[in-house]
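Contents: one structure, followed by commentary.
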There are 2 protein chains.
Amino acid sequence: MGVPPRFEPVRPVRAYERIVEQIEDRVYRGLLAPGERLPSEREMMAQFAVSRSTVREALRVLESGGLVQSRPGDPRGPEIMPFSPAALRKSVTRMVQVDEVGLGELVQFRMLLESSANLLAARMASAEELDAMDEALAAMTAAIDRGYEEFSRADVAFHDTVARASRNTLIEVCSDVVRGVVLGLISHKIAHSPDQRELMEQSMRHHAEVLDAVRSRDGARASRLARETLYAYYAGYVSEAERPMLRALLEE
Amino acid sequence: MGVPPRFEPVRPVRAYERIVEQIEDRVYRGLLAPGERLPSEREMMAQFAVSRSTVREALRVLESGGLVQSRPGDPRGPEIMPFSPAALRKSVTRMVQVDEVGLGELVQFRMLLESSANLLAARMASAEELDAMDEALAAMTAAIDRGYEEFSRADVAFHDTVARASRNTLIEVCSDVVRGVVLGLISHKIAHSPDQRELMEQSMRHHAEVLDAVRSRDGARASRLARETLYAYYAGYVSEAERPMLRALLEE
DNA sequence: TGTAATTTGTTCGTATGTATA
DNA sequence: CTATACATACGAACAAATTAC
């Protein structure tokens, strides 16, 4: 009404960006599905009417986003890739690297993600998914004697199963990403911990409790257990200044 | 123990990737801060001992990740950029575009994010932040007469203030991203809604309630209000099949 | 199995428009 | 206003890798 219509600042659009847009658009519309192939660089050079360097810049950008993958000498052309959380993981990793976020915030975020995942899993999990959790828990138990590496893999599998049972892909993917970043920051500390075996046994008991709550369809308890367990595990690695932030999620 | 050590599959590392790694590494170590400049393409071509095209491919990848920005004719060279959630937003947008996640999951995720943001804001918000929320709410009230565009901007400002008060950058950024994607999917429906004015007034009342709960340091209430408000707003746009997923977050 | 054809990875040289000093 | 240095974009060429016959 009283607001004068204003123009937007323009940034020169480079040739390779137009190519990226066109290809992204086709993928989004489903006209180009994972597994299918893009034309060869020389073919695209002709279709887009640009030089090969320009085509290659576009391909490098698409590749860094995980949308395509090109391999030398492959006459079938660059491959359209299925979705992968790799790009998301890189973004979060960068936030951590440039000190935009610290370990405390990561753990806090993981607490709220897993808390929600457990709540939803308790409500939604199918019999098959409960069985899968059983298996994952058994794998954890068996892995205690085989070292932290193996135990960590089984632990990840358990959390993955629960997250998938939440029936929310965003929760699933974000949990995976944040868990990966947290482990990347402190897994070496755990791996060299003197009371490593006790940590694993304690973890196993906590996971058994979670599974029990999920199976009993007790979402509130499963949710609370997630927060408590994560706090018990990671609070020691978080600076004292950030610890009250984590406790805020416990006293609900 | 019994596990035979296995080799990892190798992917040929291309020249431009090594360049990207070196530059990313310097930025992560703080040796290259936002605002600083990279050498010119010709200079890098000499330092990395590669061709111009290779340097350019690396720069395009870094640019698509939001890490640097180069402009034609600028003799100071490509600029190191501060962190921006643009890359994160793009990843999430892609997940939505390829139908990996639907509106229901997005809204559910937003419910748990804002629920947590409100909970933490009630505990952590400073007097200045409470004042900022007051201002944002006043702006919303004033914007009701100026149309949905303006109201939406004020609404976003309010949520941003609350998210920032949570003192968790991940929550802040993810809320911003998911909110943007959701609005991108349905803002045109709201903009053409016949009972638009009533929606805005209702929204304003809900936000006033949230602010009251935050100011009273009543985290549980602020948290519950976030979930209820979002459900009341967006459930109508979500398919009936997905709606029970949202309700699961209400009955806690 | 080996060979030929095709493709990508990379380099080099050049022309053009643009921003800074 | 001019000179300089820059980024954008083009095109040709060679080596290495992959597929297919």
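Nothing here was measured: the structure is a model prediction, and the numbers come from that model. Naming: A, B, ... by sequence-line order, numbering from 1 per chain.
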Heavy atoms only, 4.0 Å cut-off, all strands: where does A:Glu41 land among base, sugar-phosphate and nothing? sugar-phosphate
Heavy-atom closest contact (B:Asp176 atom, B:Arg89 atom, distance): OD2-NH2, 2.7 Å
Mapping A:Val13 and B:Pro12 to their closest nucleotides on DNA chain D, which lands nearer the 5' end? A:Val13
Result for 5'-nearest mapping on DNA chain C, choosing between B:Arg42 and B:Ala49, is B:Ala49
For B:Leu38 and D:dA5, what is the distance between atoms CG and P respectively, to the nearest whole Å? 20 Å
May I have the distance from B:Arg14 (atom CZ) to D:dA16 (atom P), rounded to whole angstrom? 18 Å
Look at all strands and tell whether B:Ser40 reaches a base, only sugar-phosphate, or nothing, counting heavy atoms closer than 4.0 Å. sugar-phosphate
With nearest nucleotides of DNA chain D determined for A:Pro72 and A:Met45 from heavy-atom distances, which residue corresponds to the more 5′ nucleotide? A:Met45
Taking atom types as they are modelled, would you say the side chain of A:Arg71 forms a donor-acceptor pair with the base of C:dG9 within the 3.5 Å cutoff? no
Kindly say if A:Ser51 contacts the phosphate of D:dA9, meaning a side-chain N or O under 4.0 Å from OP1 or OP2. no
For A:Leu31 and A:Glu36, work out which heavy atoms get closest and say how close. O-OE2, 3.9 Å
What's the CG-P distance between B:Leu59 and D:dT8, to the nearest Å? 8 Å
Touch check for A:Arg56, heavy atoms < 4.0 angstrom, all strands: base, sugar-phosphate only, or nothing? base
Please report the distance, rounded to the nearest Å, between CZ in A:Arg52 and P in D:dC14. 14 Å
Among A:Arg37, A:Arg56, A:Arg60, find the one that has a side-chain hydrogen bond (donor to acceptor under 3.5 Å, both in side chains) with A:Ser70. A:Arg60
Could you report the tightest heavy-atom contact between A:Leu113 and B:Phe109, atom names first, then the distance? CD2-CE1, 3.7 Å
Whole-Å distance, A:Glu43 CD to C:dT7 C1', equals 13 Å
In whole angstrom, give the distance that lies between atom CD of B:Glu79 and atom C1' of C:dT20. 15 Å
When both hydrogen-bonding distances must be under 3.5 Å and the geometry is Watson-Crick or G-U wobble, what is C:dT14 paired with, if anything? D:dA9
Side-chain contact check for B:Asp74: nearest option of D:dT8, C:dT20, D:dG11 is C:dT20
For the side-chain hydrogen bond (donor to acceptor under 3.5 Å, both in side chains) test, which of A:His207, A:Arg164, A:Arg179, A:Glu172 pairs with A:His159? A:His207
When you check the phosphate oxygens OP1 and OP2 of C:dT11, does a side-chain N or O of B:Thr54 lie under 4.0 Å from one of them? yes
Any donor-acceptor N/O pair, B:Ser166 side chain to B:Ala163 backbone, under 3.5 Å: yes
Separation of C:dA19 atom P from B:Arg37 atom CZ, nearest Å, is 14 Å
side-chain N/O A:Arg76 vs C:dT7 OP1/OP2, d < 4.0 Å: no
How long is the line joining CD of A:Glu57 and P of D:dA7, in whole Å? 12 Å
Taking the minimum atom-to-atom distance to the side chain of A:Pro75, which one of C:dT7, D:dA9, C:dG9 wins? C:dT7
